[in-house]
Amino acid sequence: MKRHGVVLQAARGPVPSLAEVIAGGSIRGSWWGHAKGRVIFRAAHAVSESPDVLVCKLIDDKVTYVHRRLWPALVKLAPHFAKERLAKVWDEHTETGTHASRQVPFPDWVPRDVMEEAARLSPLEAERVLSKVLAWKPAKRGKLRPGKTADPTDAAERRSRRASA
């Protein structure tokens, strides 16, 4: 988590999958049924409980873990993402025994020191920090999928072509 900064819980994408790292390779079907399913569950729970990890749906609406060192870049580039993908999410057991999805909307979960650091961060540096995530284009409206570029010159070139057209 600390090394990669952004990790998916179990899905495939532009960043590592916690479940596949623990399993030692690709998982066919649900990780719940994998021989290491209990180990994956305990690891996912431990990561989710860390105060240094944001659990959100950043990549393709899949559970995504973002280490605190990347939060300033995420805040700086928040306009590049659908706001609901930046919400802090978790599941909890209700009194009736069912699971309920909960969330804290962005930016309500962001600590003041992270907001201050984001304000000092240049957009170019933030894009460099989140380059793997930004390289994932939306699979559907508001979501990312492979192919989007984080290169700011591409956006500038598109604006220039539109202006000269």
If I take atom [atom1] from residue [X] and atom [atom2] from residue [Y], how far apart are they, to the nearest 0.5 angstrom?
X    : Y    : atom1 : atom2 : value
W90  : H45  : CH2   : NE2   : 14.0 Å
Q103 : D108 : CD    : CG    : 10.0 Å
E84  : L58  : CD    : CG    : 11.5 Å
S17  : L8   : OG    : CG    : 6.5 Å

Results of salt bridge (Lys or Arg N to Asp or Glu O under 4.0 Å) for E117 - residues two or more places apart only
none
R102: partners by salt bridge (Lys or Arg N to Asp or Glu O under 4.0 Å), with sequence neighbours left out
E92
With sequence neighbours left out, which residue pairs that include part of residues 66-80 fulfil the salt bridge (Lys or Arg N to Asp or Glu O under 4.0 Å) condition?
R68-D113
Can you pull the salt bridge (Lys or Arg N to Asp or Glu O under 4.0 Å) pairs that have at least one residue in residues 45-59, sequence neighbours excluded?
none
Applying ring-ring contact (aromatic ring centres under 6.0 Å, His included), which residue pairs with at least one partner in residues 47-78 are found, sequence neighbours left out?
W71-W109
Does the side chain of [X] reach to within under 4.5 Å of the side chain of [Y], using non-hydrogen atoms?
X    : Y    : result
F106 : L74  : no
V55  : K88  : no
C56  : V66  : yes
T98  : H93  : no
E127 : L134 : yes
V15  : I59  : yes

Testing the basics here: between [X] and [Y], what is the closest heavy-atom pair and its distance to 0.1 Å?
X    : Y    : value
K36  : H34  : N-ND1, 2.9 Å
A43  : L18  : C-CD2, 4.1 Å
L70  : L130 : CD2-CD2, 3.7 Å
L121 : A126 : CD2-CB, 3.7 Å
A118 : P72  : CB-O, 3.3 Å
P16  : V6   : CD-O, 3.9 Å

Is the backbone of K62 close enough, under 3.5 Å, to the side chain of T64 for a donor and an acceptor to pair up by distance?
yes
Whether the side chain of S48 engages the backbone of A44 through a donor-acceptor N/O pair (distance < 3.5 Å, no angle test) should be reported.
yes
N/O donor-acceptor pairs under 3.5 Å from side chains in residues 20-33, not counting sequence neighbours:
from, atom 1, to, atom 2, distance (Å)
E20, OE2, R12, NE, 3.1
E20, OE2, R12, NH2, 3.2
S30, OG, W32, N, 3.1

Would a hydrophobic clustering, with Ile, Leu, Val, Met, Phe, Trp and Tyr connected at side-chain separations under 4.5 Å, put [X] with [Y]?
X   : Y    : answer
V63 : M1   : yes
F41 : V53  : yes
V89 : V110 : no

